[in-house]
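All values reported here derive from a predicted model rather than from experimental measurement.
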Amino acid sequence: MENKEVTSKELALAVCKALADKRGKDIVSMYVREKTDLCDYFVVASGSNAPQIRAMGERVEELVEKELGLVPTRTEGVRDGRWAVVDYGDVIVHIFNDETRLFYHLERLWADGGNLEKFNDKTNEFEAVSHTESK
């Protein structure tokens, strides 16, 4: 693989593709750089059950390393299957089961109407989300 600088947006898109590979639901990306020093993007997705959530987390790690040559700085909860976090520094991936996602509702906490994009798994691109959709 060619060693080029990967932007956080490119990393977020690769993560979304990996999540879609394992049939992740409601995949969104939130640009949070202006809200926190933690990272540039949160990527959030849902899985139906623990094995799917585990498979989604493993696929993210596999595809991002293969395509971009990056490994996460840390992972949490991938084996547990309720809430998995895969941290790439500039991009933090959150994979939830439906109940846990509703409880924490990161979109409500971090989206402001202009920073939320939905991943379209048919086009492999981001689509803007209207302010009313993000609530």
Side-chain angles (χ1 to χ4, degrees):
M1 182 190 133
E2 164 185 335
N3 192 4
K4 72 172 187 83
E5 187 69 28
V6 176
T7 68
S8 55
K9 180 84 171 187
E10 290 169 330
L11 176 55
L13 186 60
V15 164
C16 290
K17 289 176 186 175
L19 293 167
D21 282 353
K22 293 297 180 183
R23 293 186 174 84
K25 299 181 297 185
D26 301 320
I27 303 168
V28 298
S29 168
M30 288 178 283
Y31 182 72
V32 295
R33 177 189 273 169
E34 292 153 8
K35 297 173 178 284
T36 180
D37 292 335
L38 202 56
C39 62
D40 291 348
Y41 287 92
F42 284 148
V43 174
V44 181
S46 296
S48 299
N49 51 49
Q52 182 188 18
I53 291 167
R54 185 170 29 257
M56 290 166 64
E58 290 170 354
R59 179 64 179 150
V60 166
E61 291 183 59
E62 173 190 316
L63 188 131
V64 169
E65 184 171 4
K66 179 181 166 198
E67 290 192 358
L68 304 177
L70 300 173
V71 295
T73 55
R74 73 183 196 129
T75 60
E76 294 288 334
V78 173
R79 300 275 171 250
D80 179 37
R82 285 191 25 207
W83 179 0
V85 177
V86 184
D87 184 349
Y88 286 97
D90 289 343
V91 176
I92 300 177
V93 186
H94 299 271
I95 310 166
F96 293 101
N97 66 22
D98 291 331
E99 182 181 314
T100 306
R101 185 171 182 173
L102 280 173
F103 181 80
Y104 288 101
H105 203 330
L106 293 182
E107 295 92 331
R108 184 184 64 232
L109 294 172
W110 292 95
D112 63 14
N115 68 335
L116 181 70
E117 295 178 304
K118 190 168 194 128
F119 179 73
N120 182 326
D121 61 351
K122 295 184 183 20
T123 62
N124 279 336
E125 295 178 352
F126 290 120
E127 298 175 346
V129 175
S130 72
H131 188 62
T132 55
E133 277 183 89
S134 67
K135 295 212 174 214

Looking at [Y], is its backbone amide N or carbonyl O close enough to the side chain of [X] to form a donor-acceptor pair, meaning the two atoms are under 3.5 Å apart?
X: Asp80; Y: Trp83; result: no
X: Ser8; Y: Val91; result: no
X: Gln52; Y: Lys22; result: yes

Practice task
Classify the angle between the aromatic ring planes of Trp110 and Phe42 as parallel (below 30°), tilted (30 to 60°) or perpendicular (above 60°).
Solution key: perpendicular
Exercise for the section: Only pairs at least two apart or in different chains count here, so list each salt bridge (charged side-chain N to carboxylate O under 4.0 Å, His left out) that has a residue in residues 42-54. Expected result: none
Practice task
Provide the full list of salt bridge (charged side-chain N to carboxylate O under 4.0 Å, His left out) pairs with a residue in residues 88-104, sequence neighbours left out, each pair given once.
Solution key: Lys25-Asp98, Arg101-Glu107
Treat each ILVMFWY residue as a node, draw an edge where side-chain heavy atoms are under 4.5 Å apart, and state whether [X] and [Y] are in one component.
X: Val71; Y: Val6; value: no
X: Phe126; Y: Leu63; value: no
X: Leu38; Y: Val32; value: yes
X: Val44; Y: Phe103; value: yes

Would you compute the distance between atom [atom1] of [X] and atom [atom2] of [Y] and round it to the nearest 0.5 angstrom?
X: His94; Y: Thr100; atom1: NE2; atom2: OG1; answer: 13.0 Å
X: Ser29; Y: Asn115; atom1: OG; atom2: CG; answer: 8.5 Å
X: Arg23; Y: Ser48; atom1: CZ; atom2: OG; answer: 10.5 Å
X: Glu76; Y: Ile92; atom1: CD; atom2: CD1; answer: 11.5 Å

Handout entry: Minimum side-chain heavy-atom gap Arg59-Lys17 below 4.5 Å
Key = no
Practice task
Can you run down the ring-ring contact (aromatic ring centres under 6.0 Å, His included) pairs that involve residues 6-39, sequence neighbours left out, and say none if there aren't any?
Solution key: Tyr31-Tyr41
Handout entry: Result of checking Val28, Leu19, Val15, Leu13 against Phe119 for side-chain contact (heavy atoms from CB on, under 4.5 Å)
Key = Leu13
